[in-house]
**Student:** 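One structure, as structure tokens, below. Some questions next.
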Amino acid sequence: MTPTLRTALDSDFEFSFDAKRQALGPYVAARWGWDDDFQRSLHQSRWQERPWSVILKGGTPVGTIATWEVDGHRRIGEFYVLPDFQRAGIGSAVLRQLLAQADHDKQAVRLEHLKWNPVGALYGRHGFVHESANDTHCFLVRHPIALHR
């Protein structure tokens, strides 16, 4: 069953924060420790400034993603799949849908991830390449693939 996206509602905030805590929390904790109050505040600001979607698998919420346009390209952020649903093709299916639309619109897609988070391998399988890095993050881009019509 292909995952679907639905626009996040205000009532999805707690689910979205829990998805972040479960999916990203171990990688944050490995470097800085997990400060629930700080992370909730950061999450709240991102919740308010970005358009979020809830990832559904058969009607069950299994993750979140935010996508938006900036400076002529698309950004992906807050892409969290609950650990019980990881490695089941959900992230790949969501990326395929988003990247197909970006190809249609002839837009590059950019995202970032913590250097020590193995999610980088997923992005590499979908054509993302290293654009730059800082002490903690890798910044990736995937350029649109020309569609033959």
Side-chain angles (χ1 to χ4, degrees), residues 2-32 34-57 61-145:
T2 302
T4 58
L5 301 178
R6 74 159 167 77
T7 301
L9 307 170
D10 289 342
S11 59
D12 292 314
F13 178 81
E14 287 302 324
F15 168 77
S16 72
F17 184 64
D18 187 53
K20 174 185 178 174
R21 183 189 295 121
Q22 288 188 49
L24 185 64
Y27 304 104
V28 170
R31 177 79 179 246
W32 301 286
W34 181 267
D35 178 332
D36 208 62
D37 291 336
F38 172 79
Q39 291 297 331
R40 182 175 292 278
S41 176
L42 179 62
H43 191 75
Q44 180 68 45
S45 67
R46 290 184 178 156
W47 180 261
Q48 293 172 346
E49 66 191 23
R50 298 176 180 170
W52 289 63
S53 296
V54 174
I55 303 167
L56 302 170
K57 178 81 172 177
V62 299
T64 64
I65 191 166
T67 60
W68 66 101
E69 291 189 33
V70 60
D71 298 330
H73 68 272
R74 292 210 178 143
R75 291 277 310 170
I76 293 176
E78 320 331 314
F79 190 12
Y80 309 124
V81 176
L82 295 171
D84 287 348
F85 295 93
Q86 292 174 4
R87 295 169 195 69
I90 293 170
S92 287
V94 169
L95 281 175
R96 278 192 300 273
Q97 292 171 28
L98 295 172
L99 296 174
Q101 185 63 51
D103 288 344
H104 180 268
D105 296 341
K106 298 180 176 84
Q107 287 186 308
V109 179
R110 287 184 166 82
L111 53 77
E112 63 191 70
H113 67 86
L114 293 171
K115 285 182 169 181
W116 53 94
N117 186 334
V119 74
L122 169 70
Y123 299 137
R125 289 193 301 273
H126 289 276
F128 284 87
V129 295
H130 180 88
E131 192 169 45
S132 65
N134 63 22
D135 288 346
T136 58
H137 288 80
C138 292
F139 299 90
L140 308 178
V141 62
R142 183 202 177 261
H143 294 284
I145 295 173

**Student:** Measure the acute angle between the ring planes of W52 and H43, then classify it against the limits of 30° and 60° as parallel, tilted or perpendicular.
**Tutor:** perpendicular

**Student:** Does T64 use its side chain to pair, donor to acceptor, with the backbone of E78 at less than 3.5 Å?
**Tutor:**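 A pair under 3.5 Å: yes.
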
**Student:** So which of K20, R21, Q44 actually passes side chain to side chain contact (heavy atoms under 4.5 Å, CB included) with Q39?
**Tutor:** K20

**Student:** For residues 113-138, pull every pair meeting salt bridge (charged side-chain N to carboxylate O under 4.0 Å, His left out), keeping only residues two or more places apart or in separate chains.
**Tutor:**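 As it turns out, the salt bridge (charged side-chain N to carboxylate O under 4.0 Å, His left out) pairs with a partner in residues 113-138, which skip direct neighbours, are R110-E131.
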
**Student:** Tell me, do V54 and S16 make a side-chain contact under 4.5 Å, heavy atoms counted?
**Tutor:**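 Not in contact.
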
**Student:** Measuring only between side-chain heavy atoms, which start at C-beta, is L111 closer than 4.5 Å to F128?
**Tutor:**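 When only atoms from C-beta onward are counted, F128 and L111 do touch, with a gap below 4.5 Å.
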
**Student:** So which heavy atom on W34 is nearest to which on D36, and how close?
**Tutor:**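 Shortest heavy-atom separation between W34 and D36 comes out as NE1-OD1, 2.9 Å.
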
**Student:** Do L5 and I55 have side-chain heavy atoms sitting under 4.5 Å apart?
**Tutor:** yes

**Student:** Can you name the nearest heavy-atom pair linking H130 to A133, along with the distance?
**Tutor:**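 For H130 and A133, the tightest heavy-atom pair comes out as CE1-CB, 3.6 Å.
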
**Student:** Going by ring pair (Phe, Tyr, Trp, His ring centres under 6.0 Å), name the residues that satisfy it together with W32, two or more places apart in sequence or in a different chain.
**Tutor:**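 For W32 the ring pair (Phe, Tyr, Trp, His ring centres under 6.0 Å) partners, ignoring immediate neighbours, are W116.
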
**Student:** Just wondering, do E14 and D18 contact through their side chains at under 4.5 Å, heavy atoms?
**Tutor:**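 Answer no - side chains too far apart.
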
**Student:** Return yes if some donor-acceptor pair links the side-chain N/O of S45 with the main-chain N/O of L42 below 3.5 Å, else return no.
**Tutor:**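 Checking the backbone N and O of L42 against the side chain of S45, a donor-acceptor pair under 3.5 Å is found.
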
**Student:** With a 4.5 Å cut-off on side-chain heavy atoms, are R74 and R142 touching?
**Tutor:** no

**Student:** Work out which heavy atom in Q107 is nearest to a heavy atom in G72; give both atom names and the distance.
**Tutor:** NE2-O, 3.9 Å

**Student:** Kindly give the heavy-atom pair with the smallest separation between Y80 and A23, and that separation in Å.
**Tutor:** CB-CB, 3.9 Å

**Student:** Of the non-hydrogen atoms in H73 and A108, which two are nearest, and what is the gap between them?
**Tutor:**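 Looking at all heavy atoms of both residues, the shortest contact is CB-O, 3.3 Å.
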
**Student:** Please find the pair of heavy atoms, one from L122 and one from H126, that lie closest to each other, and give the distance.
**Tutor:** O-CD2, 3.1 Å

**Student:** Calculate, to the nearest 0.5 Å, the distance between atoms CH2 and CD1 belonging to W68 and I76 respectively.
**Tutor:**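 Reported to 0.5 Å precision, the distance equals 9.0 Å.
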
**Student:** With a 4.5 Å heavy-atom cut-off, do V94 and F79 have their side chains touching?
**Tutor:**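 Touching, per the 4.5 Å side-chain cut-off.
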
**Student:** Take R31 and L114 through the test side-chain contact (heavy atoms from CB on, under 4.5 Å) and record every step on the way to the result.
**Tutor:** CA-CA 10 Å; R31 177 79 179 246; L114 293 171; over 6 Å; no

**Student:** Let's go through I145 and L99 carefully: what are the C-alpha distance in whole Å and the side-chain angles of both, what is the deciding distance for side-chain contact (heavy atoms from CB on, under 4.5 Å) to 0.1 Å, and is it a yes or a no?
**Tutor:** CA-CA 9 Å; I145 295 173; L99 296 174; over 6 Å; no

**Student:** For a 4.5 angstrom cut-off between non-hydrogen side-chain atoms, does L95 reach V109?
**Tutor:**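 No, their side chains stay 4.5 Å or more apart.
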
**Student:** Is any side-chain heavy atom of W47 less than 4.5 Å from a side-chain heavy atom of D12?
**Tutor:**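 Yes - at least one pair of side-chain heavy atoms lies under 4.5 Å apart.
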
